[in-house]
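Everything numeric here is computed off the predicted structure, so don't read it as measured data.
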Amino acid sequence: MLDIRQLRDDPDAARRSQTARGEDPSLVDAALAADEQRRSAIVTFEALRSEQKSLGKQVAAAQGDEKQQLLARTKELATEVKSAEVAVREAEQRLSDVQLQLSNLVEPDAPVGGEEDFAVLEHVGTPRDFAAEGFEPKDHVDLGKALGAIDVERAAKVSGARFYYLTGPGALLELALVNVAIQQAVAAGFTPMITPVLVKPAAMEGTGFLGQAAENVFHLEQDDFYLIGTSEVSLAAYHSDEILDASTLPLHYAGISTCFRREAGTYGKDTRGIIRVHQFDKIEMFTFCAPEDAVAEHRKLLAWERQFLDQLEIPYRVIDVATGDLGSSAARKFDIEAWIPTQGKYREVTSTSNCTEFQARRLGIRMRDGSTTRPVATLNGTLVAIPRVIVAILENHQQADGSVRVPEPLRGTLGTDVIAPI
RNA sequence: GGAGGCGUCGCCUAGUCCGGUCUAUGGCGCCCGCCUGCUAAGCGGGUUCGGGUUUUAUCGCCCGUCGAGGGUUCAAAUCCCUCCGCCUCCGCCA
């Protein structure tokens with residue numbers, strides 16, 4: 001949610017931001033008009049309510065005829081107050097309807113444009129030349145099957161498309177990745193958190209996943225629970241309706257959770273393998289900090305993401321996501337895309353967003369800073385999304401004999417340097 | 001799943017039976033000031049959150065806010081209903 005006072009002060013900035021996203025700038029004016037109506041309704045209501053209160057005191061003190069006369073007047077007033085109250089409520093609802101449609105203000109430096117207009121910030125590592133090494137790389141599905149690490153066939157039997165079993169070394173790979181990631185996070189000062197994966201509508205709504213993204217969220221009809229698509233939801237909502245002491249900021253959490261995604265509208269996309277699945281485990285970094293520190297914090301999250309991938313020796317590139325592809329909460333977003341040899345392209349493995357005060361306003365998360373309270377900024381970033389990283393490891397570290405070299409930090413948990421075919 | 005209890009402005013708490021000077025009591029903590037060789041104690045003041053208003057620096061004034069939402073009433077912390085959360089006991093269970 002955007003601050004209505006900020007809109008009043010500088011509506012042009014909001015209009016420009018909407019335009020950059022390819023969204024409707026006239027929503028800004030609709031919000032301002034709704035706000036005007038709201039304020040006038042409030043003035044009317046408060047005047048009537050004030051009169052009602054003072055008459056009420058006279059009624060309490062009066063006796064006999066005088067009391068009866070006063071009662072007649074206050075009865076009238078009561079209906080007026082009631083309808084004025086309804087008017088206020090309706091006006092507030094109209095404003096909030098419009099406000100919820102407005103996306104966050106984009107950072108001025110974000111590249112303007114659609115999905116294809118991202119800016120590549122950096123390449124790290126060099127994709128291997130398998131032709132020069134004299135063999136054709138296998139994809140992660142074939143590798144996973146040969147190694148006894150991934151079973152998608154039986155998952156299809158049990159749960160359907162877009163599910164998988166991690167088996168033997170596959171399961172160990174997940175545990176190893178989780179261990180390394182959590183150790184890194186704790187060393188960097190994060191508090192590890194295992195979160196609920198079922199949340200109430202308010203949590204989903206507050207984090208901004210019930211808007212355009214709603215079709216990708218699983219909903220348990222009978223109990224009105226949503227399954228989280230990322231622990232960003234349960235971590236953001238963790239401090240909802242709280243006022244945080246400024247001296248405790250920034251707060252760093254590392255959420256460990258299973259994530260669920262419907263993947264509606266992706267039929268035919270990534271149908272093979274475990275790149276796009278309905279259920280996976282992920283460790284997500286989440287920060288609450290002062291708004292003025294958010295841009296610097298965003299860079300730190302990106303640095304932590306890179307630190308994690310660097311030690312796995314996977315080639316990747318960092319992109320600055322274009323304004324039209326940000327999602328409504330983000331002011332700026334950086335993705336890291338890992339090289340996938342058999343696809344011959346880079347695929348997203350992490351994503352970090354600066355949501356500024358946008359989520360915090362919806363969730364009622366503020367900071368006490370001296371005598372004032374104001375919304376905090378929230379930021380999130382993927383530390384590790386298990387299946388995609390497993391894909392990257394298997395494909396990038398495969399060897400001519402069909403085995404896969406294990407990156408050094410994972411060797412302890414795996415108990416081996418090389419995963420051999422079974 | 002069954003039965004009962006509870007939810008008051010940081011924490012604790014008075015008020016709820018029997019609706020109206022409740023403009024929500026008191027304590028602790030915290031903040032400011034006074035006093036004081038220093039500290040402690042003492043004294044005075046302040047301390048929910050949201051919104052409106054004044055050319056929103058400040059001060060002030062006003063409205064809402066007693067877990068949330070409805071209802072009854074001229075009037076609700078107080079009466080009624082629904083929901084949420086916590087606690088206790090029983091049952092079941094990894």
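Interface residues of residues 76-91 of chain A facing RNA chain B, ordered by number: A78(A), R89(A); criterion, heavy-atom separation under 4.0 Å.
Spacing between rG42(B) and rG51(B) at atom C1', rounded to whole Å, works out to 40 Å. On the P atoms, rU8(B) is 16 Å away from rC79(B), given to the nearest whole Å. Nucleotides rG33(B) and rA40(B), compared at atom P, are 14 Å apart to the nearest Å. rC80(B) and rC62(B): their P atoms are spaced 33 Å apart (whole Å). Atom name C1', nucleotides rG2(B) and rG64(B): the rounded distance is 40 Å, in whole Å. Only the C1' atoms considered, rG19(B) is 24 Å distant from rG26(B), to the nearest whole Å. rU21(B) and rA76(B) have their P atoms separated by 11 Å, with the value rounded to a whole Å. Look at the P atom in both rU65(B) and rU13(B): the space between them is 24 Å, to the nearest Å.
A ring-centre distance under 6.0 Å is not found for F286(A) and H239(A).
For the pair L71(A) CG and rG20(B) C1', the interatomic distance rounds to 12 Å; values are reported in whole Å. Look at CG on D241(A): it is 15 Å from P on rG85(B), rounded to the nearest Å. Distance R38(A) CZ to rU53(B) P: 8 Å, rounded to the nearest Å. Between D223(A) atom CG and rC83(B) atom C1' the separation is 15 Å, expressed in whole Å. One atom, CG of D224(A), and another, C1' of rC84(B), lie 13 Å apart when rounded to the nearest Å. Across the protein-nucleic acid pair, I4(A) atom CD1 and rG52(B) atom P stand 10 Å apart, rounded to whole Å. Rounded to an integer number of Å, the gap from R5(A) CZ to rG50(B) P is 9 Å. If you measure from atom CZ of R368(A) to atom C1' of rC31(B), you get 12 Å, rounded to the nearest angstrom.
Residue R39(A) places no side-chain N or O under 4.0 Å from the OP1 or OP2 atom of rG51(B). Distances shown here put every side-chain N or O of K53(A) at or beyond 4.0 Å from the OP1 or OP2 atom of rC62(B). Between R49(A) and rG64(B) there is a side-chain polar atom (N or O) within less than 4.0 angstrom of OP1 or OP2. Distances shorter than 4.0 Å separate none of the side-chain N or O atoms of R8(A) from OP1 or OP2 on rU56(B).
Applying salt bridge (Lys or Arg N to Asp or Glu O under 4.0 Å) to D270(A) and the options R261(A), R162(A), R276(A) leaves one that passes, R276(A).
For a distance-only test at 3.5 Å, the side chain of E46(A) fails to qualify as a donor-acceptor partner of the base of rG64(B).
Around atom CZ of R154(A), no more than 12 heavy atoms belonging to other residues, nucleotides or ligands sit under 6.0 Å away. By the neighbour-count criterion of 12 heavy atoms within 6.0 Å, atom CD of E292(A) is densely surrounded, having more than that number from other residues, nucleotides or ligands.
Taking a pair to require two hydrogen-bonding distances under 3.5 Å in either a Watson-Crick or a G-U wobble arrangement, rC6(B) pairs with rG85(B). A 3.5 Å limit on both hydrogen-bonding distances identifies no Watson-Crick or G-U partner for rU78(B). As the counterpart of rU72(B), no nucleotide is assigned, since no Watson-Crick or G-U wobble pattern has both distances under 3.5 Å.
Note on I243(A): only backbone sugar-phosphate atoms sit closer than 4.0 angstrom, heavy atoms only; bases stay farther off.
Using a 3.5 Å distance cut-off with no hydrogens or angles, the side chains of H252(A) and E297(A) do pair a donor with an acceptor. If you check the side chains of D281(A) and T258(A), you find a donor sitting under 3.5 Å from an acceptor. No hydrogens or angles considered: nothing links the side chains of Q183(A) and N179(A) as a donor-acceptor pair under 3.5 Å.
For K333(A), the salt bridge (Lys or Arg N to Asp or Glu O under 4.0 Å) test picks out no residue, with sequence neighbours left out.
Atom CD1 of I419(A) and atom NE2 of H397(A) lie 10.5 Å apart (nearest 0.5 Å).
With the nearest nucleotide of RNA chain B identified for both S50(A) and R374(A), R374(A) has the one nearer the 5' end.
You'll find that the side chain of T373(A) is closest to rG50(B), out of rG52(B), rG50(B), rC74(B).
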